[in-house]
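Only one structure is covered here, and it is reproduced in the block below.
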Amino acid sequence: MQTPPPPSANRYELTTLRQAMQDIQAGRFRQPQALLAPLVAQQNEQALILHAFCLCGERDVKEAARILASIGLRNPESLHPLQDLSELMAALNQREAAIAVCRAAMPYAPADTRIHNVLGDLLVQTGQFDAAIATLTQATAQQPENMLSHNLLSMAHTEQGTLDTALQCLTDCLHHEPDHVGTLANIGSVLAARGQMEQAFPYYRQALTLRPQDARIRVNHSIALLKAGRFAQGWTEHEWRFRLPGHTSLPIERLLPTLGPTTNLEGQRILITHEEGLGDTLMFLRYVRPLAKRGAITHLWVPEALADLCRAVPGVHTVQVGGTTPAYNWHCPFISLPRVFAETAQPWGAAVPYIKPNSHKVSALAPLVPQNGRLNVGLVWGGAPRPTSHFAHMIDRRRSMSLHTLAPLGRLEGINFISLQKGYYAEQMMDPPDGMRLYDPTDNLHTMDDTAALMMALDVVVTVDTSVVHLAGALGKPVLLMDRYDNCWRWLHNSDNSHWYPTLRIFRQTTPRQWTDVVERVAQALATMVRQRA
C-alpha cells in the first residue's frame, strides 16, 4: 500500500501517520481525523491521503474524491492513491464505497486512465462485469499503449466467462509491447483456463525467460503443469509459492527434501503444516502413513476443525492445534508432500480410504439420516465467499451456485437430500427448490470428524469443489463433483475421473459460468443410481 511517509518526515509525522493508518486498516475512520488534522492543515500529502480514506469510510464521497483526484494529478507518474484506497476498502469488504469515490473522482480528472483502471478492477471484484468492461474499454481507447488497462479488460472478460474475448484483448495489445511480461503470462493463464495447455506453455516460458525470478508467474506456470498432468515438473515448480506471502514462516533450508526410493527417516521428527484450505490437508493426509513407514515421527500442525480426524489417520504420532513451533528435524507443508514422494514407489501416497471415521460418532449420527428406502444423497452447493480475500472471493464466485440451480434434482423420485452445507450458502435452505426433500443435520456437524461420520450413512455425495469432495473421496465414498469450467489443477483439464480418488466422478461445465448441463448430467447419474438400487 502506497502510504508510508517520505524519508524526510519527522518523528511526529511518522508516529501520527502510522497510528492513523493502523486505525483505518482496522475500520476506524473517525478517530484518525483528529489525529491527522494538524498535518492536513499543513497540506501534508500523506496525511491528506489518509484523511480522504477516512472520508470514504464515512461515505463523504465527493470530498474524498476531490482530494485523491487532485493528488493524483500532481503525481502523474506514480501509482494513483485511489489504488491504495481500493485495496484498503476491499480488505474491509467495503468495495462499494471505493467504487463511489472512483466515480466521483472521474470528473476531476477525466483523462486520468489510472482512475478507470482502479474503478474497472473494483467493478470486476463486485461482479459488475458489463460496467467494468465499459470502463476499461474507455481506458484502452484513451491510452491504447497502457498495458495494464488491456490486461484488466481481459480479466473482466475472463471473470464474465467470455474467454475468447479475454484472449483477444491480450493478443491484440501485445504489438504495443511484445515483451510485456504480465501480458505474456496472462495469455498463458487464459489459454490454460480454456484447457489449451500446450498452447499456454510457450507463453509462460517466454515470460519466465524475461523474468525468471517472478514467483507469481512461476506458481501460475506450476498450476498449468499440474493441470496438464506434468506432475514431476509441476511439483518442483510449485515450491516457488514459498516466495509469496503467507505460505510458511519456517526456514526453507529445513524443508523436507525429495525422498529417494529407499530413503530412511528413522527417528526424524517431521513437522507437517496446514497451509491453505482444509481440502488440501485432507487431500495430502494420504502421505502421512508412508512417512511413518520410513521411520518418521509425524507431527501434524492443523486447524481445530481437522484435529480429531487427523488423530485417527494411521501413522500420525502427534497432532497440534495452535501454540508455538515445536521442535523438528524437517518441516513440510501438506501441499509439498507430493513433491517429497514424486520419485518413490508411492507418488500418490496411501491408497483410499486413508481416513477413518470415528465409529462412536458413526453410530451416534446415523439416525440423522432417513432410513426409508430412498437413495441418501449428501449435498453441498457453495464454498466460502471470503470477500476480504480478492483471489479466494473470485474463485468462490465461479465454483458456487444457488441452491435453486439444483431444482432439477428435486424432481427426481426415490431420493432424500441431506445437506452438508455450512456457512454463508446454508441460509438458502430456508427456501429450497420445489419438491426437494432436504434434511438438515448440520447443527450436529462441528468438525470434519463429525461430517466424516455422518457421510458413512450416505449413499453418495454431490458437491461443488470444496473440502467436502476431498473428505468424501478420502473415505472412499461415491462422490459426484460439479466442477467449474476453468477447473482446479487437482482435477486435470480433460478428465472425468481422478488419480486421487477412485470413487470420484467429475461433471464439468462445458460453458463458463453455466451450470444447467452439469445439473442435468448429475440428475441422470442419480436417476441411474436409484434404478440400480431398486
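The 12-atom threshold is exceeded at CG of Asn372, counting heavy atoms of other residues, nucleotides or ligands nearer than 6.0 Å. Residue Arg533 qualifies as enclosed at atom CZ: its count of foreign heavy atoms under 6.0 Å is above 12. Within a 6.0 Å radius of OH in Tyr439, more than 12 heavy atoms belonging to other residues, nucleotides or ligands are found. Atom NZ of Lys356 has 12 or fewer heavy atoms from other residues, nucleotides or ligands within 6.0 Å. Counting non-hydrogen atoms of neighbouring residues, nucleotides and ligands closer than 6.0 angstrom, the CZ atom of Arg374 exceeds 12 such neighbours.
Partner of Leu152 under the side-chain contact (heavy atoms from CB on, under 4.5 Å) criterion, chosen from Thr140, Leu136, Val124, Leu123: Leu136. Between Arg508 and the choices Asp496, Asp483, Asp465, Asp486, the salt bridge (charged side-chain N to carboxylate O under 4.0 Å, His left out) rule is met once, by Asp483.
Side chains of Pro441 and Val369 form no contact here, defined as non-hydrogen atoms less than 4.5 Å apart. Using a 4.5 Å cut-off on side-chain heavy atoms (C-beta onward), His331 and Ile270 make no contact. At least one side-chain heavy atom of Thr248 sits under 4.5 Å from a side-chain heavy atom of Phe242. At least one side-chain heavy atom of Leu309 sits under 4.5 Å from a side-chain heavy atom of Ile355. Looking only at side-chain heavy atoms (C-beta outward), Glu343 and Pro261 stay at 4.5 Å or farther from each other. You'll find the side chain of Leu526 reaches within 4.5 Å of the side chain of Phe417, heavy atoms only. The side-chain heavy atoms of Asp434 and Arg411, taken from C-beta on, include no pair separated by under 4.5 Å. Using a 4.5 Å heavy-atom cutoff, the side chains of Pro303 and Leu278 are in contact.
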Query - His470 vs Tyr501, side-chain contact (heavy atoms from CB on, under 4.5 Å): CA-CA, chis, key distance, verdict - result: CA-CA 8 Å; His470 297 282; Tyr501 305 117; 2.9 Å; yes
Query raised in the report: Should His299 and Gln320 be marked as a side chain to side chain donor-acceptor pair (under 3.5 Å) after you check the CA-CA gap, both sets of side-chain angles, and the distance that decides it?
Result: CA-CA 7 Å; His299 186 126; Gln320 176 179 339; 2.8 Å; yes
Query - Step-by-step side-chain contact (heavy atoms from CB on, under 4.5 Å) determination, Ile133 to His157 - result: CA-CA 7 Å; Ile133 289 167; His157 281 291; 3.5 Å; yes
Query raised in the report: Can Val522 and Trp515 be said to form a side-chain contact (heavy atoms from CB on, under 4.5 Å), step by step?
Result: CA-CA 11 Å; Val522 169; Trp515 289 109; over 6 Å; no
**Report entry** Residue pair Arg505, Val479: steps toward the side-chain contact (heavy atoms from CB on, under 4.5 Å) verdict
**Finding:** CA-CA 6 Å; Arg505 292 175 61 191; Val479 54; over 6 Å; no
Query raised in the report: Are Trp235 and Trp489 close enough, and set up right, to give a ring pair (Phe, Tyr, Trp, His ring centres under 6.0 Å), and what steps lead you there?
Result: CA-CA 12 Å; Trp235 295 130; Trp489 61 264; 5.4 Å; yes
**Report entry** Worked verdict on Phe284 versus Trp500 for ring pair (Phe, Tyr, Trp, His ring centres under 6.0 Å)
**Finding:** CA-CA 10 Å; Phe284 300 129; Trp500 303 104; 5.7 Å; yes
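In summary, the side chains of Ser154 and Asn186 do not present any donor paired with an acceptor at a separation below 3.5 Å, with no hydrogens or angles considered. Using modelled atom types, one finds a donor on one side chain and an acceptor on the other under 3.5 Å when comparing Thr510 with Asp517. For the residue pair Ser189/Tyr204, the side-chain donor-acceptor check at 3.5 Å is satisfied. Defined by atom type and a distance below 3.5 Å, a donor-acceptor pair is missing between the side-chain atoms of Arg484 and Gln509. Donor-acceptor pairing under 3.5 Å is recorded for the side chains of Gln213 and Arg243. For the residue pair Tyr354 / Arg286, a side-chain donor-acceptor distance below 3.5 Å is found, with atom types taken as modelled. With no hydrogens or angles considered, a side-chain donor-acceptor pair links Thr126 and Gln128 at under 3.5 Å. For the residue pair His404/Asp431, the side-chain donor-acceptor check at 3.5 Å is satisfied.
Remark: the backbone N or O of Phe341 is paired with a side-chain donor or acceptor of Thr344 at under 3.5 angstrom. Between the side chain of Gln421 and the backbone N or O of Gly382, at least one donor-acceptor pair lies under 3.5 Å. Judged by distance alone, with hydrogens and angles left aside, the side-chain atoms of Asn329 form no donor-acceptor pair with the main-chain N or O of Gln268 at under 3.5 Å. A donor-acceptor pair is defined here as one N or O able to donate and one able to accept, closer than 3.5 Å; no such pair exists between the side chain of Asp280 and the backbone of Glu276. With hydrogens and angles ignored, the 3.5 Å screen pairs no side-chain donor or acceptor of His317 with any backbone N or O of Ile297. With Arg490 contributing its side chain and Lys227 its backbone, the two residues share no donor-acceptor pair below 3.5 Å. Asp449 places no side-chain N or O within donor-acceptor distance of the main-chain N or O of Ala307, the cut-off being under 3.5 Å.
Salt-bridge annotation for Glu198 and Arg205: absent, with no side-chain N of the basic residue lying under 4.0 Å from a carboxylate O of the acidic one. Salt-bridge formation is not detected for the pair Arg386/Asp396: no Lys NZ or Arg NE/NH1/NH2 atom is positioned less than 4.0 Å from an Asp or Glu carboxylate oxygen.
Leu167 contributes atom CG, which lies 9.0 Å from atom SG of Cys169 (distance to the nearest 0.5 angstrom). Taking CG of Asn487 as the reference point, atom CD1 of Ile506 lies at 7.5 Å (rounded to 0.5 Å). Once rounded to the nearest 0.5 Å, the distance linking OG of Ser222 with CH2 of Trp240 reads 11.5 Å. For the atom pair CG (Leu163) and CD (Gln196), the distance works out to 9.5 Å, reported to the nearest 0.5 Å. Note that OG of Ser336 is 8.0 Å distant from NE2 of His238, once rounded to the nearest 0.5 Å. Taken from OG1 in Thr162 to CZ in Arg513, the straight-line distance is 8.5 Å, to the nearest 0.5 Å.
Applying the ring pair (Phe, Tyr, Trp, His ring centres under 6.0 Å) rule to His499 yields the partners Trp348; only residues at least two apart in sequence or on another chain are considered. The salt bridge (Lys or Arg N to Asp or Glu O under 4.0 Å) test applied to Glu275 returns Arg241, not counting sequence neighbours.
Scanning all heavy atoms of the two residues, the minimum distance from Thr447 to Lys361 falls at OG1-NZ, 4.1 Å. What you find for Thr236 and Arg339 is that their closest heavy atoms are N-CG, 4.2 Å. In terms of heavy-atom proximity, Val518 sits nearest to Phe507 at CG1-O, 3.5 Å. Nearest heavy-atom pair across Gly378 and Leu420 is CA-CD1, 4.1 Å. Closest of all the heavy-atom pairs between Leu256 and Cys332 is CB-CB, 3.9 Å. Summarising the geometry of Ala207 relative to Ala185, their closest heavy-atom pair is CB-N, 4.0 Å, with the distance given to 0.1 Å.
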